[in-house]
Amino acid sequence: TQRRTVVNRNDVYEAIDTERNWQDRKWGSVEQHPHEVGGWLTIMRKLLTDAEAAWAASNGDSMALHEIRKVVAVGIACGEQH
């Protein structure tokens, strides 16, 4: 059993906010590229599949957690729009 370190919630929120900023720079804002809720869900599902593949292909959680950060940030983008 691996021992886990608990991460401060504010650090988690900062990582997600950093990802949202990166997504806005890469793809444009939600105002520039809006989606229906179903579109956001489709994007999240694709990213979640990437997270599952990253976890399955590695000996640790690092890459899966990187992908999960993307999933959560896209969910926040959906919330920002809707």
Side-chain angles (χ1 to χ4, degrees):
T1 302
Q2 277 185 323
R3 184 178 178 121
R4 301 282 184 217
T5 302
V6 176
V7 179
N8 180 291
R9 186 178 299 183
N10 289 330
D11 293 340
V12 173
Y13 292 158
E14 183 178 334
I16 295 166
D17 191 49
T18 299
E19 177 64 25
R20 276 292 300 119
N21 290 335
W22 185 88
Q23 290 173 354
D24 278 351
R25 285 192 307 276
K26 181 173 183 177
W27 305 108
S29 69
V30 294
E31 292 85 6
Q32 294 169 312
H33 298 284
H35 299 291
E36 297 293 326
V37 171
W40 290 114
L41 289 170
T42 300
I43 295 166
M44 291 173 71
R45 169 61 58 201
K46 194 275 185 206
L47 293 170
L48 186 57
T49 299
D50 292 348
E52 292 167 338
W55 182 81
S58 71
N59 291 326
D61 295 334
S62 179
M63 292 307 297
L65 289 168
H66 176 70
E67 296 297 330
I68 288 170
R69 181 178 72 166
K70 294 178 186 181
V71 175
V72 173
V74 169
I76 289 172
C78 177
E80 289 171 357
Q81 182 185 343
H82 295 282

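When hydrophobic clusters are built by joining Ile, Leu, Val, Met, Phe, Trp and Tyr residues whose side-chain heavy atoms come closer than 4.5 Å, directly or via intermediates, Ile76 is grouped together with Val7. No continuous path of ILVMFWY side-chain contacts below 4.5 Å connects Leu41 to Leu47, so the two sit in separate hydrophobic clusters. By the rule that hydrophobic residues join a cluster once side-chain heavy atoms approach within less than 4.5 Å of another member, Trp22 and Val74 end up as members of separate clusters.
Scanning both residues, Gly28 and His33, for their nearest heavy atoms gives CA-CD2, 3.9 Å. Contact detail for Val71 and Met44: the closest heavy-atom pair is O-CE, 3.8 Å. Closest of all the heavy-atom pairs between Ala54 and Ala64 is CB-N, 3.9 Å.
Here the CG atom belonging to Asp61 is positioned 13.0 Å from the CD atom belonging to Glu67, to the nearest 0.5 angstrom. To the nearest 0.5 Å, the span separating NE2 on His35 from NE2 on His82 amounts to 9.0 Å. Atom CG of Leu48 sits about 7.5 Å away from atom CD1 of Ile68, to the nearest 0.5 Å. Taking CD1 of Ile43 as the reference point, atom SG of Cys78 lies at 9.0 Å (rounded to 0.5 Å).
Of the residues Arg25, Lys26, Arg69, the one that meets the salt bridge (charged side-chain N to carboxylate O under 4.0 Å, His left out) test with Glu19 is Arg69.
In Glu14, the CD atom is not crowded: 12 or fewer heavy atoms of neighbouring residues, nucleotides or ligands sit closer than 6.0 Å. Glu52 CD: more than 12 foreign heavy atoms inside a 6.0 Å radius.
Contact of the Val30 side chain with the Trp40 side chain is registered, since non-hydrogen atoms from C-beta on lie closer than 4.5 Å.
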